[in-house]
J.: 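Handing you a structure now.
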Amino acid sequence: MERTGPTVRFSVLLAAATAAVLAAGALVATAPAAGAADVDLARNGGFESGLDGWSCTAASGAAVSTPVHGGTKALKATPAGSDNAKCSQTITVKPNSSYTLSAWVQGSYVYLGASGTGTTDVSTWTQSSGAWKQLTTTFRTGPSTTSVNVYTHGWYGTPAHYVDDLTLVGPGGDPVVIPAVPAGLKTTAITSSSVALSWNAVSGASGYNVYRGGTKVATATGPSATVTGLTPSTAYSFQVSATNAAGESAKSAAITATTTAGGGGGGDTKLPARALVGYLHSSFANGSGYTRMADVPDSWDVINLAFGEPTSVTSGDIRFSLCPVAECPNVESEAEFKAAIKAKQAAGKKVLISIGGQNGQVQLASTAARDAFVTSVSKIIDTYGLDGLDIDFEGHSLSLNTGDTDFRSPTSPVIVNLISAVKSLKAKYGSDFVLTMAPETFFVQLGYQFYGSGPWGGQDPRAGAYLPVIHALRDDLTLLHVQDYNSGPIMGLDNQYHTMGGADFHIAMTDMLLAGFPVAGNTSRVFPGLRPDQVAIGLPASTQAGNGHTTPAEVNKALNCLIKKTDCGSYQTHGTWSDLRGLMTWSINWDRFNNGEFSRNFDAYFGN
């Protein structure tokens with residue numbers, strides 16, 4: 001949220017790895033000759049039968065007739081976004097045996113490798129290959145290894161590459177048999193929109209399929225999965241099967257799980273079913289003019305006071321005061337301000353203190369800062385009789401330390417201390433405490449592609465940094481309203497980039513929050529979807545308020561798609577989110593400056 005005119009603050013993610021990282025898989029120029037009893041174990045290594053036997057990410061792989069190295073077909077694979085165009089195959093091998101993996105490739109940064117060897121996994125690559133070039137590497141299997149995964153892939157942002165005549169030469173393994181039916185299927189967590197499942201691991205299984213009502217809805221590499229996009233207070237039937245190269249087992253015995261009821265997350269906050277949230281410039285004017293609390297129109301259900309700011313970036317000591325008279329000649333007195341807050345609350349409105357904003361960098365890097373945050377925010381809430389807290393941390397307030405890679409168990413102090421501080425405030429004020437958050441897309445939805453500095457470093461450590469905070473506080477969270485503005489293009493669940501300013505952006509960004517998504521593409525680390533009543537769409541109120549202004553007609557299209565599954569355009573949502581809570585805007589002041597266009601459209605759409 002901005003105190004000055006709109007600026008684009010979306011950071012450029014440093015996604016490319018360094019040459020040193022690329023060189024991690026050393027190229028083996030030659031390999032020992034295979035023994036006489038060895039055979040080629042790769043299935044359809046020349047891609048003469050298309051992609052039979054191969055699994056390729058997204059829609060990145062296809063068999064083409066030119067260029068080819070041998071035969072009539074070759075693999076063409078095209079990286080896109082966070083997809084490095086990986087194609088793989090699981091092959092049966094013998095324990096304690098040596099194997100030679102080889103393939104002919106054409107293109108820049110093409111990789112060939114094997115994982116699951118039971119010893120040291122291997123890979124090799126070529127930086128630039130204008131003509132066909134052979135990549136070769138060797139490995140030895142471990143004492144209990146019976147299968148390995150061989151793969152090829154390209155690199156992010158590079159053009160298509162080609163692969164042909166891939167071979168894995170070595171002793172043939174014992175025949176693969178279809179795995180047994182998984183046992184022990186049970187639920188491990190249930191929300192109003194998701195069910196987490198686990199089951200006993202099956203020997204010889206390379207993956208699992210999860211079924212809901214007989215329809216496959218998820219796959220997993222390990223014995224657990226979370227099914228998202230469910231409806232509150234609804235019973236669902238689940239089964240699971242095991243898979244490997246030989247096929248798929250029968251489905252397990254079914255279990256039934258009933259999702260919890262939807263409601264005002266974080267306790268009985270008594271918000272209306274459709275809520276309009278706005279930020280009030282209480283400590284500054286920002287060119288839109290000062291609006292007194294008593295003059296805030298009745299349309300606004302949640303009023304966020306902008307802003308409480310720290311005495312220094314790392315102090316945790318938050319202060320709030322009304323706009324100086326020199327900047328806001330019509331500012332009310334403290335007594336009038338407090339009285340107006342009470343009047344709004346008597347009318348059923350919620351008034352919160354918003355911490356941060358564009359200029360209010362807050363880094364709770366120490367326990368002392370955490371404790372100062374709790375003490376100072378409590379003082380503001382008590383002084384003005386507020387209903388709760390809005391977290392609007394921007395800029396460099398939140399980032400992930402190197403090695404902090406799992407949003408479910410964060411280790412970075414600024415993340416851990418913020419979570420602890422908010423939980424302390426929640427415990428102090430009880431179930432009526434209203435908690436909202438207004439992160440930027442960079443800190444949330446970008447986590448679908450990138451999380452922190454990444455496995456090889458070089459990425460912006462702020463990418464996805466709000467996800468552990470949202471996840472840890474989801475049971476306390478009243479509303480999440482991500483800022484769908486001042487944003488660069490973001491990839492949605494359709495693996496396409498979406499650009500702010502139209503209905504499509506809000507549909508895709510909001511659907512991600514409700515359906516959930518694998519963080520940084522890791523299907524074993526899925527961010528579970530939030531309840532629809534916990535989510536509002538964040539938009540600028542006018543063209544002056546921020547980049548990415550959306551016209552009322554496009555706002556209504558987005559609402560139609562998300563709530564009614566109509567007017568969806570090219571993006572198809574993963575559910576009908578009929579309980580979507582509403583809209584948030586920056587800001588009440590800018591909406592009044594724009595003759596109330598935003599709030600009037602909200603009232604008209606929902607019949608208020």
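Quick caveat, the model's predicted, so the values are computed rather than measured.
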J.: Can Gln449 and Tyr497 be counted as having a side-chain donor-acceptor contact under 3.5 angstrom?
T.: yes
J.: Assess, by modelled atom type and distance only, whether the side chains of Ser487 and Thr441 contain a donor and an acceptor separated by less than 3.5 Å.
T.: yes
J.: Is it true that Phe602 and Phe598 have ring centroids separated by less than 6.0 Å?
T.: no
J.: How close do Asp404 and Tyr451 get, heavy atom to heavy atom, and via which atoms?
T.: O-CE2, 3.7 Å
J.: Indicate, with yes or no, if the rings of Tyr384 and Phe320 have centres closer together than 6.0 Å.
T.: yes
J.: Are Arg292 and Phe337 in a cation-pi setup, meaning NZ or CZ lies under 6.0 angstrom from the ring centre and within 45 degrees of the ring axis?
T.: no
J.: Can the ring centroids of Tyr211 and Phe238 be said to lie less than 6.0 angstrom from one another?
T.: no
J.: Looking only at atom types and distance, does a side-chain atom of Thr585 sit under 3.5 Å from a main-chain N or O of Ala541, one as donor and one as acceptor?
T.: yes
J.: Assess, by modelled atom type and distance only, whether the side chains of Asp591 and Trp300 contain a donor and an acceptor separated by less than 3.5 Å.
T.: no
J.: Any salt bridge linking Arg319 with Asp317? Criterion: basic side-chain nitrogen under 4.0 Å from a carboxylate oxygen.
T.: yes
J.: Thinking salt bridges, do Asp476 and Lys423 make one under a 4.0 Å N-O criterion?
T.: yes
J.: Minimum heavy-atom separation for Arg474 and Leu530, please, with both atom names.
T.: NH1-CD2, 3.6 Å
J.: Minimum heavy-atom separation for Ala438 to Tyr279, with atom names?
T.: CB-OH, 3.1 Å
J.: Tell me the closest heavy-atom pair linking Leu322 and Glu332, and the distance in Å.
T.: CD1-O, 3.7 Å
J.: Please name all residues satisfying ring-ring contact (aromatic ring centres under 6.0 Å, His included) with His498, sequence neighbours left out, ordered by chain then number.
T.: Tyr571
J.: Quick one about Asp390 and Thr436 (side-chain donor to acceptor, distance below 3.5 Å, no hydrogens or angles considered), yes or no?
T.: yes
J.: Got a salt bridge between Arg600 and Glu597, using NZ or NE/NH1/NH2 to carboxylate O under 4.0 Å?
T.: no
J.: Verify the ring-centre separation between Trp586 and His281: is it less than 6.0 angstrom?
T.: yes
